[in-house]
Every structure is written in C-alpha cells, then in structure tokens.
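Order of the sequence lines sets the chain letters (A, B, ...), proteins ahead of strands, with each chain counted from 1.
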There are 2 protein chains.
Amino acid sequence: MFSNTAKYAIKACLFLAVNSSEVNKLVIKDIAEPINVPSAYIAKILQALSKKDIISSTRGPKGGFYLTKNQFQTNVMQIIEAVDGEERLNSCLLSLEKCNSDNPCSLHHLVYEEKHKINERLKRTTLEDLRQHIMRGESILPL
Amino acid sequence: MFSNTAKYAIKACLFLAVNSSEVNKLVIKDIAEPINVPSAYIAKILQALSKKDIISSTRGPKGGFYLTKNQFQTNVMQIIEAVDGEERLNSCLLSLEKCNSDNPCSLHHLVYEEKHKINERLKRTTLEDLRQHIMRGESILPL
DNA sequence: TCTTAAATATGATTTTTATCATAAAATATC
DNA sequence: GATATTTTATGATAAAAATCATATTTAAGA
Ligand code: FES
Ligand code: FES
C-alpha cells in the first residue's frame, strides 16, 4: 500500500512526536536505531521531510530533529504525499491513470467507498492524535 | 496498491472472460493490444497465470488463451496473489511485517476494518461477476 | 577563532520491478 | 512428415526503489 519510504517517514515523524521537542532534539542515530531503519536511509528521508517543512532541524552541536507546535498538527496523508507523491494513493486499481468515478473500472465499485474512507481518516488524523493513542497504550510504534 | 503486474493480470483475465471461450481462444497479440500492455510483458504474465491454472492455454495453430467454465469462478484475490504473492496485501502499514490486530501499529485502527472489507470483496468477486458488470455497462475495462 | 558535532547535498551501489527478446517445444493442417 | 503457428522457457536489459557512503555546510562552545 505505502512504499517503504512512506512507512519509514511516518515512523520517524511519530517517533519525533513522542520523544522530541524544541528543547530536546534528536540526532539521526537516536531516531534510526529505535525505529529500526538504516540510518543513512532515514537521514535522507528526514532531509526531505525537513525541506518540506514537515519536521524541523538545526545543524551543528546540540542540533537535531524535532517538531514545532504546528508540526504536531501535520496529518498522516501529508507525510505520505511528501515522500510518495500524490498519485500513488489515488491511482486506479486497474489502469495506470487516476481513479475516476465517472468512468469506473471493473474494480472501482468494490473498493472506492472504503478507500475514500481510509483516505479521509488519514487526512483527519494528526501526529498529535497518534501520539496520544500511543501514550494511552492503544497502539504501538512498531520496530 | 497493486503492482503493475497485478493490474495487467487482472485486466488480461477480465479481457479473456469477456472475449474468449474454449472454442474461441485468443492469441497474445489479440490480448495485449486492446488492454494496452506491451505484448512481451503480458506474454510473461499469461504464462505465469497459465502455470498456476488461473487461465488455460494450448499451443500451436488454433491455439491461444481462454478460460474454462471453472476458471470463470476464479476470484480477484486469487489473481493478485498468483502474481504479487500474499504478503503485499496483508502487510502492516508501518512495519515490514504482517498486520497483526493483537499488536496494532499506530495506523492499524484507522484502516483495518475497511481494508478487511475490501479484501473480503476481492475474495468474493469472481471473473464471472465482473464480466456481468461489464456486459451490463456498470463498469469498463480500462485501456 | 578553532574544534567538534550535527544536518545537508550529492551521488554511488544494490535490489526489485518492469520490460524486451528469442530459441525451444508443441500441435494443427496440409 | 513438413510447415506454420502458437505457447513456453529462459534470460537480457532498463527503470525505479531502496540502500549506502561521503564531502560540505552550519552552529555551539571552549
Ligand atoms: S476507476 Fe479504477 S479504481 Fe476507480
Ligand atoms: S498492525 Fe499495522 S496495519 Fe495492522
């Protein structure tokens, strides 16, 4: 469903949401290890997220990655789109084109409604929401 | 969501369901062109499907691909799994492991129910069902 | 201002997926 | 049985995704 890159990006953001703050920045290694992603790879992903302003960073000693108040309100869909691009989630199940309800392919009606629901939820759910779920023990941050 | 290979496989099967029969076999070129897939590529996919007994074939003159009565009852999930393997549809959204309701990841509850519904429908829907939808004009077979 | 610790930019390598190409095997028909 | 037509087996190439590596830039602190 998502690319590895998107999975890693979400995990990293979530890890930041749970473990970092403006006064407690995290360095690449401290992110890569606990979420179990090769550090050179997550470094590249974090750079991309930072450039798109989904996470924040400062370099030099005492630097690292963190989220600002605003960035806790980023929703999951934004993270996915930042790394995977928009088409992936909206492409038709049969063709290589965009899904199109006016010209529904043979599988369209089997999945459209549910897919739409999922997408809406991904858009509505913020890092802050997910952080709270984790704090309450309702879900885990997988390795 | 699905690989190109899976998309092509479904389109090809569907095309066979609509246009072929045991007495009206279709040759690779007659499948590749209308569904707009490179013919050397669809050839390989058809070979795999044939080996897994999802479609039938005979070689030599008057040969080609077709579906038997039974094969009209193949469901969409079977086609996908035949080419993509099983993991792809059942992997967790965040980890590289299987989705696991006992140890739900942070996105699990956002999508599980809908994903499950979609999977059930893919399992319940046969080529014959889809053929009928197409015949009734309820859906199209995209290029 | 020098050193050191960090991100950033950039690009190389590996693996997977997609695509292309072709010789070999099978079968109908003459 | 020879020929032509088809799938099948096999592998080569190309493109994309994943992963690894490193020199450069920035900023803190001594
Ligand atoms: S048109 Fe194919 S999934 Fe919507
Ligand atoms: S555990 Fe991650 S999607 Fe179910």
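In this structure, Asn4(B) atom CG and dA16(D) atom P are separated by 11 Å, rounded to whole Å. If you take CG of Leu16(B) and P of dT7(D), they are 11 Å apart, rounded to a whole angstrom. Straight-line distance from the NZ atom of Lys29(B) to the C1' atom of dT7(D): 16 Å, rounded to whole Å. Distance CZ (Phe65(B)) to P (dT6(D)): 12 Å, rounded to an integer number of Å. As a whole-Å value, the separation of Leu46(B) CG from dA9(D) C1' is 15 Å.
Counting 5' to 3', DNA chain C first comes under 4.0 angstrom of a heavy atom of chain B and last does so at the ends given by dA18(C) to dT29(C).
Residues passing the side-chain hydrogen bond (donor to acceptor under 3.5 Å, both in side chains) test with Ser21(B): none are found, sequence neighbours excluded. The ring pair (Phe, Tyr, Trp, His ring centres under 6.0 Å) search around Tyr41(A) returns Tyr8(A), not counting sequence neighbours. With sequence neighbours excluded, no residue forms a side-chain hydrogen bond (donor to acceptor under 3.5 Å, both in side chains) with Ser20(A). Applying the salt bridge (Lys or Arg N to Asp or Glu O under 4.0 Å) test to Arg59(B) and every residue at least two apart in sequence or in another chain returns nothing. In this view, Thr125(A) satisfies the side-chain hydrogen bond (donor to acceptor under 3.5 Å, both in side chains) rule with no residue, not counting sequence neighbours.
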Distance-only donor-acceptor hits, side chain of residues 133-143 of chain A, under 3.5 Å, sequence neighbours excluded:
residue	atom	partner	partner atom	Å
His133(A)	ND1	His109(B)	NE2	3.2
Arg136(A)	NH1	Glu138(A)	OE1	3.2
Arg136(A)	NH1	Glu138(A)	OE2	2.6

Output a table of donor-acceptor pairs, distance under 3.5 Å, between side-chain atoms of residues 47-54 of chain B and any protein atom two or more places apart or on a different chain; print 'none' if there are none.
residue	atom	partner	partner atom	Å
Ser50(B)	OG	Ser57(B)	OG	3.2
Lys52(B)	NZ	Ala82(B)	O	3.4

Distance-only donor-acceptor pairs under 3.5 Å for side chains of residues 90-103 of chain B, two or more places apart:
residue	atom	partner	partner atom	Å
Ser95(B)	OG	Glu97(B)	N	2.9
Asn100(B)	OD1	Asp102(B)	N	2.9
Ser101(B)	OG	His108(B)	NE2	3.1

Got a list of side-chain donor-acceptor pairs under 3.5 Å for residues 26-38 of chain A, not counting sequence neighbours?
none

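Mapping Arg88(B) and Gly63(B) onto DNA chain C via the closest heavy atom, the residue that lands nearer the 5' end is Arg88(B).
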Generate the contact string for nucleotides 20-30 of chain D. Rules: B means base contact, S means sugar-phosphate contact only, - means no protein heavy atom under 4.0 Å. BB---BBBBS-
Dot-bracket for DNA chain D, 5' to 3', counting Watson-Crick or G-U wobble pairs under 3.5 Å, with [ ] for crossing pairs and | for inter-strand pairs? ||||||||||||||||||||||||||||||
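Using a 4.0 Å heavy-atom cutoff across all strands shown, Lys51(A) reaches sugar-phosphate atoms only and no base atom. Within the nucleic acid shown, Leu26(A) comes within 4.0 Å of sugar-phosphate atoms alone, with no base atom in reach, counting heavy atoms only.
The local environment of CD in Glu113(B) is sparse, with at most 12 non-hydrogen atoms from other residues, nucleotides or ligands closer than 6.0 Å.
The phosphate of dA18(D) (OP1 or OP2) has a side-chain N or O of Thr5(A) nearer than 4.0 angstrom.
At a threshold of 4.0 Å, the pair Glu114(B)-Lys115(A) does not count as salt-bridged, since none of the basic side-chain nitrogens sits closer than that to a carboxylate oxygen.
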